[in-house]
*Asks:* 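Okay, handing you the structure first.
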Amino acid sequence: MTIKTDARGNISSTQLSSVTGDRKEDGMALHLALLAFYHKIPNPRANQTYRQPVKFDYTKSNAAKAAAAAAKTTKTTQTTR
């Protein structure tokens with residue numbers, strides 16, 4: 001993730017280097033990365049570009065688990081005629 005600051009040291013832009021394609025998951029990754037960023041750098045410098053590593057395993061997320069469980073349940077409860 002790339003984080004840029006303005007002349008006052010406030011975050012002016014953020015960009016994920018890669019996305020999952022799921023807005024909710026990408027938003028969660030962005031939110032967690034920003035929390036980690038402020039923890040590591042409580043007073044960002046003005047006009048800087050920072051790179052914050054983000055490791056996000058989509059396949060193990062709750063959303064993926066829920067979707068897999070729903071798909072499995074759907075398959076086992078369907079009836080054929």
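This chain uses plain numbering: 1 for the first residue, then up along the sequence. In what follows, every heavy atom counts, from backbone to side chain, and hydrogens, waters and symmetry copies are set aside.
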*Asks:* Suppose the criterion is side-chain hydrogen bond (donor to acceptor under 3.5 Å, both in side chains): which pairs have a residue in residues 2-12, not counting sequence neighbours?
*Replies:*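 Counting only pairs at least two positions apart or across chains, the side-chain hydrogen bond (donor to acceptor under 3.5 Å, both in side chains) contacts touching residues 2-12 are Thr2-Arg51.
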
*Asks:* Show the nearest heavy-atom pair for residues Ala46 and Ala7, with the distance to one decimal.
*Replies:*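 Closest approach of Ala46 to Ala7: CB-O, 3.2 Å.
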
*Asks:* Just list the side-chain donor-acceptor pairs under 3.5 Å for residues 28-43, sequence neighbours left out, or say none.
*Replies:*
none

*Asks:* Identify, with sequence neighbours excluded, every residue that meets side chain to side chain contact (heavy atoms under 4.5 Å, CB included) alongside Arg45.
*Replies:*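 With neighbours one apart ignored, the set is Gln48, Tyr50.
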
